[in-house]
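What follows is a single structure, written as structure tokens, with notes after it.
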Amino acid sequence: MTVLIRTGTPKEENETSDRRPEEAVRAIGGVLNPADLIEPPQLPVSKLSKVPARTLSVEAVMDLASEILWPEVGHEQPVEIDEFDAHRAQEYLLLAMLLSRSPDAATLNRIAKLRGDATPLGLAHLALAQAAGTASAERIAREYFTLFIGVGRGELLPYGSYYLTGFLNERPLARLREDLRAHGIERAEGQVEPEDHAATLCEIMAGMACGQFPTIARMQQEFFEKHLASWTGRFFADLEGAEAAEFYRQVGTLGRLFLETETKAFRLPTRSEVRNPEDV
């Protein structure tokens, strides 16, 4: 699954995020500092020819994910965003990349350089890095197949409709498509997975956070609460406990913890709310 979605014409123009990034970082333990997440050794050029050889950073992991998910916009100048939203986009992109396909050797080499701290999310980065450094791409590909594809079906069905109704392609997917049209977002031509796949939703949130899909902070929160908050935490918990999961057990832990931090961050007051406490 590459290029899961593409942009159309959104109804609203982009606005600067109203969320207070310094407060949000404190709410999640401050573990999304690039210096805290990634060890900076040099890496060789991978088979992805558009990914330059340079010192590894959190941005390098984000670039790799962007190259896989949005190759048609890889040459464009990125939208200027604040540091906290950049960190959010990086986390969402990492999850979207790992849920949309099994990682190849070049991807695993980059993920293996992640580092963290003593916070739960920081420890999840460390565990994911260790798992990436000790597993082969071939073994993880078999694991991915068993978990998400299978013979007939995989061990898990990572779709919002399934988690919310017990069936695929139900009303939650229809509501999601209505909201995506309102945001000017549509499924890319040739993509067969429905838009309520967990990878697609993570990609959408990444696009909103980094400005690829223009929104304002309030719209991001509404989209998250309507389409992710009610089921993605359960999905990531199921991934942690899946019988076939080894490498992906760590992906499940990272996803569950990150979604918890997103929920906490969205509950923080915005700058306008702080300026007008009587309106809160």
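Values below: every heavy atom of this structure, side chains too, minus hydrogens, waters and symmetry copies. No experiment lies behind these values; they were computed from the predicted model shown.
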- Cluster link Leu164 to Met205, ILVMFWY, side chain under 4.5 Å: yes
- Could you pull out the closest heavy-atom pair between Leu95 and Cys202, with the gap in Å? CB-SG, 4.0 Å
- Task: Determine yes or no for a side-chain-to-main-chain donor-acceptor pair under 3.5 angstrom, with Tyr159 supplying the side chain and Glu195 the backbone.
- Result: no
- Message: Go through it in stages, so that I can follow the logic: the residues are Phe213 and His183, the test is side chain to side chain contact (heavy atoms under 4.5 Å, CB included), and I'd like the CA-CA distance, side-chain angles, deciding distance and then a yes or no.
- Response: CA-CA 8 Å; Phe213 308 135; His183 286 293; over 6 Å; no
- How about Arg88 and Gln220: does a side-chain donor come under 3.5 Å of a side-chain acceptor? yes
- Message: Taking Gly233's backbone N and O only, do any of them form a donor-acceptor pair with Arg256's side chain (distance below 3.5 Å, no angle check)?
- Response: no
- Task: Report the C-alpha separation of Glu262 and Arg267 in whole Å, then their side-chain angles, then the decisive distance to 0.1 Å, and conclude whether the salt bridge (charged side-chain N to carboxylate O under 4.0 Å, His left out) test is met.
- Result: CA-CA 9 Å; Glu262 277 283 271; Arg267 290 173 180 168; over 6 Å; no
- Apply the test salt bridge (charged side-chain N to carboxylate O under 4.0 Å, His left out) to residues Arg218 and Glu222: give CA-CA distance (whole Å), side-chain angles for both, the deciding distance (0.1 Å), then the verdict. CA-CA 6 Å; Arg218 173 183 53 79; Glu222 289 175 354; 3.2 Å; yes
- Item | Beyond-backbone contact of Pro194 with Leu168, side-chain heavy atoms, under 4.5 angstrom | no
- Item | Close side-chain approach of Pro103 and Phe247, heavy atoms under 4.5 Å | yes
- Identify the heavy atoms of Asp117 and Thr119 that sit nearest to each other, and give their distance. OD1-OG1, 2.5 Å
- Does some side-chain heavy atom of Phe235 sit less than 4.5 Å from a side-chain heavy atom of Leu157? no
- Within-4.5 Å side-chain heavy-atom neighbours: Leu94 and Ile111: yes
- Derivation and outcome, side chain to side chain contact (heavy atoms under 4.5 Å, CB included), residues Leu128 and Val251: CA-CA 7 Å; Leu128 181 62; Val251 177; 3.8 Å; yes
- Message: Determine whether a donor-acceptor pair (N or O, by modelled atom type, separation under 3.5 Å) exists between the side chain of Asp85 and the backbone of Cys210.
- Response: no
- Message: Between Tyr248 and Phe148, is the ring centroid distance below 6.0 Å?
- Response: yes
- Can you find a heavy atom in the side chain of Leu99 that is under 4.5 Å from one in the side chain of Tyr144? no
- Closest heavy-atom contact between Ala124 and Thr253? CB-CG2, 4.3 Å
- Query: When the ring centroid of Phe258 is compared with that of Phe236, is the distance short of 6.0 Å?
  - Reply: no
- Within the distance-only criterion (no hydrogens, no angle test), does the side chain of Thr263 pair as donor or acceptor with the backbone N or O of Leu259 below 3.5 angstrom? yes
- Message: Is the shortest side-chain heavy-atom distance between Leu126 and Arg115 below 4.5 Å?
- Response: yes
- Item | Exercise: identify the closest heavy-atom pair between Leu108 and Ala135 | CD1-O, 4.0 Å
- Query: Under 6.0 Å between the ring centres of Phe167 and Tyr162?
  - Reply: no
- Working to the nearest 0.5 Å, report the span between OH of Tyr92 and CD of Glu203. 13.0 Å
- Message: Looking at Glu193, is its backbone amide N or carbonyl O close enough to the side chain of Arg187 to form a donor-acceptor pair, meaning the two atoms are under 3.5 Å apart?
- Response: yes
- Item | Residue pair Asp104, Glu138: steps toward the side chain to side chain contact (heavy atoms under 4.5 Å, CB included) verdict | CA-CA 8 Å; Asp104 61 15; Glu138 292 76 14; over 6 Å; no
- Message: Using a 3.5 Å distance criterion without hydrogens, assess whether the side chain of Ser161 forms a donor-acceptor pair with backbone atoms of Glu170.
- Response: yes
- Nearest-0.5 Å distance, OG1 of residue Thr261 to NZ of residue Lys264: 8.0 Å
- Task: Look only at the side chain of His197 and the backbone of Ala199, and say whether a donor-acceptor pair between them is shorter than 3.5 Å.
- Result: yes
- Message: Using a 6.0 Å cut-off, check whether atom CD of Gln130 has over 12 heavy atoms from anything other than its own residue.
- Response: no
- Query: Hey, does the side chain of Glu155 reach the backbone of Glu243 with a donor-acceptor pair shorter than 3.5 angstrom?
  - Reply: yes
- Message: Nearest 0.5 Å, please: how far is CZ in Arg181 from CG in Leu176?
- Response: 9.5 Å
- Shortest non-hydrogen pair, Ala245 vs Leu147, comes out as N-CD2, 4.1 Å
- Query: Going from OG on Ser102 to CZ on Arg142, what distance comes out if it is rounded to the nearest 0.5 angstrom?
  - Reply: 11.0 Å
- Does the pair Asp196 and Thr200 meet the rule for a side chain to side chain contact (heavy atoms under 4.5 Å, CB included), with working shown? CA-CA 7 Å; Asp196 62 344; Thr200 307; over 6 Å; no
- Task: May I ask you to decide whether Arg139 forms a salt bridge with Glu143, counting only side-chain N to carboxylate O separations under 4.0 Å?
- Result: yes
- Message: Is it the case that the side chains of Asp179 and His227 hold a donor-acceptor pair, with the cut-off being a distance below 3.5 Å and no angle test?
- Response: yes
- Query: Hey, does His125 have a side-chain heavy atom less than 4.5 Å from the side chain of Leu254?
  - Reply: yes
- Task: Specify whether Phe266 and Phe224 have parallel, tilted or perpendicular ring planes, treating 30° as the upper limit for parallel and 60° as the lower limit for perpendicular.
- Result: tilted
- Output the distance between atom CG (Leu257) and atom CG (Leu121), rounded to the nearest 0.5 Å. 6.0 Å
- Message: Let me confirm one number: the CG-CD distance from Leu239 to Gln250, rounded to the nearest 0.5 Å.
- Response: 10.0 Å
